[in-house]
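Naming: A, B, ... by sequence-line order, numbering from 1 per chain.
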Amino acid sequence: MKNLQLAATLAEIADLLEILDENPFRIRAYRRAARSIELLPESIETIWREGRLGEVEGVGKGIAAGVEEWLTTGAIAFHQELQERVPRGLLEIVRVPGVGPKTARLLYEELGVRSLDELEAACRAGRVRTVKGLGAKTEENILRGIERVRRHSERTPLGVALPAARSIVAELERLPAVRRAAYAGSARRGRETVGDLDIIVGSDDAPAVIQAFVGLPGVAQVLAQGREKASVVLSQGLQVDLLVVRDHQFAAALHHFTGSKEHNIAMRELAKSLGLRISEHGIMDEKTQAWLPVATEDDVFRAVGLPYIPPELREDGSELAAAKSSHLPRLVEMQDIRGDLHVHSTWSDGRHTILEMAEAARARGYEYIAIADHSRSLGVAGGLSPEELVAQIEEIRQLNRRWDDFRILAGAEVDILPDGTLDYDDELLSRLDVVVASVHSAMNQDRETMTQRIIAAMRNPYVDIIGHPTGRVLGWRDPYEVDVERLIAAAAETGTALEINASPERLDLKDVHARMAKDAGVWLAVNTDAHRMEGLEQMHYGVTTARRGWLEKGHVLNCLPLEELLRNLKRHRRREA
DNA sequence: GCCGTTTTCGGCCCGACTGTTTTCAGTCG
């Protein structure tokens, strides 16, 4: 999918224009278009081919021409012109916290600094303080900023950031001065990675809260400390921003800091058109200068005539249009989940027995769980031989006598072999209740081979679900080369479900692809792939990803009650057909 | 560069914090 590459190109045009001190609104236009294309639930190429570029938010005549040029030639001439006018290194320099486009340009013009290394040298030589408007303090900050960029350039996975956010909130809630505390920002929106954490506190004693916050265990550096805001860096490199407000401003502040930036801009534009002014302090009637009472986030939306928009949907501003026209989805929730269709046991590489996994699932209120251990070719993970699988099916049958309110489904996570065949024969697969098929080998195949390989697996009548369809591991392994759009089309055609693997290292399918799949009428299965009982708790990451994909419970296979689930698995629908 | 039942031209969100300044620009979210 080219959307992300194109979005990156447009965003870079915005960065370059900013360094060149161009019209800020033109810059914003490129940023908006980039963001909008990044979040598009459809391939930009398809949209272009069908002549629908004009329908994309933030894409007008000018940028549409650039998009077309990029799709046909692979580059945008205007972008290349800009690149020639701005040394490449300046793009790195504006990533340094505290150094923006103005300072980067100033440093380049005054000192000839054109890379991160040269900037560091200039700071160490004390040359930066010789520039008018910059001083010794700025020099120090830049050096610290450079260190941060080098040490921590990556965004933090949600699976790391969320526990940190919860722990900070818990620490703050212990303070007597704190009435309410919550995390906001991209962590609350459930983005798969977060740049930093945003924490909101309601309190009548902001100084006390700020003081305690900057002294929390794990704080390595204080970046800023004001009357109501503070920023720190944790020792693990994660930045945390705190905003302290009076308790009656809490909801407005929570909304503001939850963002996204684009969502806030769209909300404020709408408010302005209604004679209102929205800020993190609340909502003011411009005419009377009176503050509107805002007790909950619901009130913020109601003030501008909209229904509540869940945080996971607050991204590019297009959610406002959906809200206005009453097209917001009723998003799937944790309590809608009735089971987990992909977990492991001690039979392969899991830590707990089938019974332990089942009891843990039952304790969570689930109606069913599918044991999907690895197949034989995955030797490193203790894959089951056909004989072992038959024995496992028998054990599951025995175990199921224990309950009349819970069922273990006999399943497998069968390997899709490099040639697209499966690791068990059809006769064996037909004896299972549910089959997840996944790629675990030969991940470096070319795009066409990989795409055909997975589609071949979907054509098997006993493959109900494709597991972690793109194979990525966040921060460690890129997705393998595969045409996700064709996978989705084939899933729709064959009736195969696609997994949203809830493990926070995977989140695969990702939000945007899940939305595409939903739009194509494909079932999604939100599974934890748990290898131990505690792993079942990661379901919420998958549900959050599903919500970011605008999924309702009617799109999620494992929101079905047991009997309905069994009827809706591909194998059974086939049989009935 | 985008966009429009208040506009096809003239708008385009809002406020806090920092550092280097005698009143504010740049940066950030």
Side-chain angles (χ1 to χ4, degrees), chain A residues 10 13-14 17-19 21-36 53-67 76 78 93-107 128-142 144-145 184-186 189 194-200 206 210 222-231 239-245 249 252-253 255-284 286 304 317 320-321 324:
Chain A
L10 294 175
I13 290 177
L17 287 172
E18 201 165 27
I19 291 169
D21 202 18
E22 271 274 356
N23 176 356
F25 299 109
R26 192 182 183 197
I27 294 163
R28 183 180 139 188
Y30 274 99
R31 286 240 157 83
R32 271 199 68 193
R35 182 97 170 122
S36 158
L53 277 183
E55 292 172 22
V56 179
E57 292 268 341
V59 175
K61 260 187 166 177
I63 293 181
V67 170
I76 300 174
F78 177 53
I93 289 176
V94 295
R95 305 257 175 280
V96 176
V99 180
K102 298 283 195 300
T103 310
R105 187 185 162 101
L106 186 66
L107 289 165
V128 168
R129 69 183 73 178
T130 65
V131 179
K132 190 169 186 297
L134 306 179
K137 201 115 183 195
T138 304
E139 219 163 52
E140 279 172 39
N141 285 341
I142 292 177
R144 269 206 295 268
S186 48
R189 301 201 310 279
V194 307
D196 57 29
L197 291 178
D198 302 283
I199 310 282
I200 315 298
I210 300 268
V222 179
L223 296 174
Q225 184 176 352
R227 280 189 319 113
E228 56 183 22
K229 287 184 176 180
S231 291
Q239 181 174 328
V240 188
D241 300 327
L242 173 74
L243 172 68
V244 186
V245 297
Q249 298 173 314
H255 175 263
H256 166 79
F257 256 46
T258 296
S260 68
K261 189 173 179 176
E262 288 80 2
H263 171 85
N264 286 349
I265 289 173
M267 283 290 288
R268 287 165 182 184
E269 282 175 350
L270 178 58
K272 198 168 175 179
S273 74
L274 299 171
L276 302 172
R277 171 195 293 265
I278 297 183
S279 76
E280 65 252 59
H281 303 299
I283 305 175
M284 180 189 271
E286 296 262 61
V304 293
L320 267 69
K324 276 181 210 165

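Phosphate proximity of dT6(B) to S273(A): absent, as no side-chain N or O sits under 4.0 Å from OP1 or OP2. Regarding contacts with the backbone of dG29(B), every side-chain N or O of N264(A) stays at 4.0 angstrom or more from both OP1 and OP2. Between R26(A) and the phosphate of dG1(B), there is a side-chain N or O to OP1/OP2 separation shorter than 4.0 Å.
N23(A) comes within contact range of at least one nucleobase, with a heavy-atom separation under 4.0 Å. Counting non-hydrogen atoms under 4.0 angstrom, V131(A) reaches nothing in the nucleic acid.
Using modelled atom types, one finds no donor on one side chain facing an acceptor on the other under 3.5 Å when comparing R268(A) with H263(A). If you check the side chains of N264(A) and E262(A), you find no donor sitting under 3.5 Å from an acceptor.
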Determine, step by step, whether I210(A) and K229(A) satisfy the side-chain contact (heavy atoms from CB on, under 4.5 Å) criterion, reporting the C-alpha distance in whole Å, the side-chain angles of both residues, the deciding distance to 0.1 Å, and the verdict.
-> CA-CA 7 Å; I210(A) 300 268; K229(A) 287 184 176 180; 5.7 Å; no
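Relative to the side chain of R268(A), the nucleotides dC14(B), dG1(B), dG19(B) differ in distance, and dC14(B) lies closest.
Atom pair K272(A):NZ and dC13(B):C1' shows a separation of 7 Å (rounding to whole Å applied).
Judged by distance alone with a 3.5 Å cut-off, no donor-acceptor contact links the side chain of D196(A) to the base of dG29(B).
Nucleotides dC28(B) and dT20(B) are separated by 15 Å at their P atoms, to the nearest Å.
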